[in-house]
2 protein chains.
Amino acid sequence: MVKKLVPPQATIRRLSIYLRYLNGLDVDGVKVISSHDLARRLALNPAQVRKDLAYFGEFGKRGVGYSVKKLRDHIVKILGLQKMRKIAIIGAGGRLGTALALYTGFERRNFKVCALFDKDPAIVGNEVEGIGNILSIGDLSKVVKEKGIEILILTIPAAAIKEIYDPVMLSGVKAVLNFAPFKMLSTEEVDVHNVDLTTELESLSYRLSLNESGISPLDKAPATEED
Amino acid sequence: MVKKLVPPQATIRRLSIYLRYLNGLDVDGVKVISSHDLARRLALNPAQVRKDLAYFGEFGKRGVGYSVKKLRDHIVKILGLQKMRKIAIIGAGGRLGTALALYTGFERRNFKVCALFDKDPAIVGNEVEGIGNILSIGDLSKVVKEKGIEILILTIPAAAIKEIYDPVMLSGVKAVLNFAPFKMLSTEEVDVHNVDLTTELESLSYRLSLNESGISPLDKAPATEED
DNA sequence: AAAACTTTGTGATATAATGCTCATAGTTAA
DNA sequence: TTAACTATGAGCATTATATCACAAAGTTTT
């Protein structure tokens, strides 16, 4: 217990996956799970599961495994999910923005959509059930401060970036989840994470065309699943 | 020019990003770009850009850089985007499904939404403008074959997985883009890629709480910790 | 046409992530 | 209470990915 280096980003993402699976186990009344079972279910290596967890402490019991409830609570703490995170959506008038604004799954994980913004004056002022009126980008900075919003979700079209970029980066928000089709860079102040639907489809396309040319994209054994 | 190993998945994803940026450059009338400029714009290392491209051939000209048009065309070929890919959406009645069904950006990149499915009998038969009626999951396999659909996008709620899994995996489709909040595993026949919105938010949350505890997520300093 | 630049492509090197192995701690059964 | 199991945690090996650094190729300047 001396070193404990910075965990890889991949570890953090897996923790989130573990967490969801543990929640399911808890609902099903499962009390304890081993790294082996967890790994098998998620198509990972058991050693990797243990290593992921060991970055943050010793949560397991030798000869037994991990307590589902305890491990879940630890991961909640590690990911900072015990505290509710307020988010706002920019581009709330668009289809993706609307879908995310009305998605109920976030609250279950302790994220709350507190405000909606759009640059289109035609829809500013429209009420969205359960959240409030769509606000103008001009009020972004003010509202972020007033409401204590920590995360912005961007669902704007590519063309809108020019006028949105500065207001977003200067809004006082700490993190941005960007769905817009351009890469936004993180700065000292704002941690940007880009999710690009087109890129996801295009990687699939690459693998499809590999197959077409007769080369398997999966050079490793396929992930098998039973249960 | 002897070895040419399998390019990492990360390279493929970056190619997609390069492609979009190159399209923008072309529209702006830029003829040539160097790895250095490309890298700077996308916050990457120039050597990485060159290596990414070198996996697939020698596209650059020393002392000059890369021809924007030529490089773009090469990447289109590498990613298999010259051929139109037909996709279908399962869970078309949900908000995310609807948003994706009506999203016009896919066609611009040569993906076409050709069919919509939902398990809810109440909405099966409803017409969606520009695509057609919402179909029953029971017809999935038939329609996939008839229309030559290659990719399925899953936007179903977690609870629906039990009844959707087998029909999807046996539909004859080659790839799945799964937005549902559970991890689906790839098989020999079906290449699954999972995109998990909650995981994205939770990684951001982790980094927010790192900041709160005074440690920068960008630091490389070891984080010693006990419990 | 030679010298001074520029930029690619790649071998060598560094860093990071994953997987293997086993001593150790804990449990269960006799 | 001892022996046979089980599963963690951690050191080490391996693999994968990213970066450095430079020779080779091409361009521009003098």
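Naming convention: chains lettered A, B, ... in sequence-line order (proteins, then strands); numbering from 1 in each chain. Values below: all heavy atoms of this structure, side chains included; hydrogens, waters and symmetry mates excluded.
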Given the structure, check if the side chain of K51(B) and the base of dT19(D) hold any donor-acceptor pair shorter than 3.5 Å. yes
Quiz question: going by heavy-atom distance under 3.5 Å, is there a donor-acceptor pair between the base of dT24(C) and the side chain of R62(A)? yes
Distance check: side-chain N/O of R50(B) vs OP1/OP2 of dC20(D), anything under 4.0 Å? no
Expected list for residues 26-37 of chain A near DNA chain C, using heavy atoms below 4.0 Å, is none
Nearest to the side chain of Y66(A), which nucleotide is it out of dT21(C), dT19(D), dT8(D)? dT8(D)
Name the closest nucleotide to the E58(A) side chain, picking from dA18(D), dG9(D), dT18(C). dG9(D)
Is there a donor in the side chain of R50(A) and an acceptor in the side chain of S35(A), or the other way round, less than 3.5 Å apart? yes
Atom [atom1] of [X] to atom [atom2] of [N]: distance rounded to whole Å?
X      : N       : atom1 : atom2 : result
I12(B) : dA18(D) : CD1   : C1'   : 16 Å
Q9(A)  : dA17(C) : CD    : P     : 9 Å
D52(A) : dA10(D) : CG    : P     : 14 Å
N45(B) : dA16(C) : CG    : P     : 14 Å

Hey, is the main chain of L140(A) close enough, under 3.5 Å, to the side chain of S171(A) for a donor-acceptor pair? no
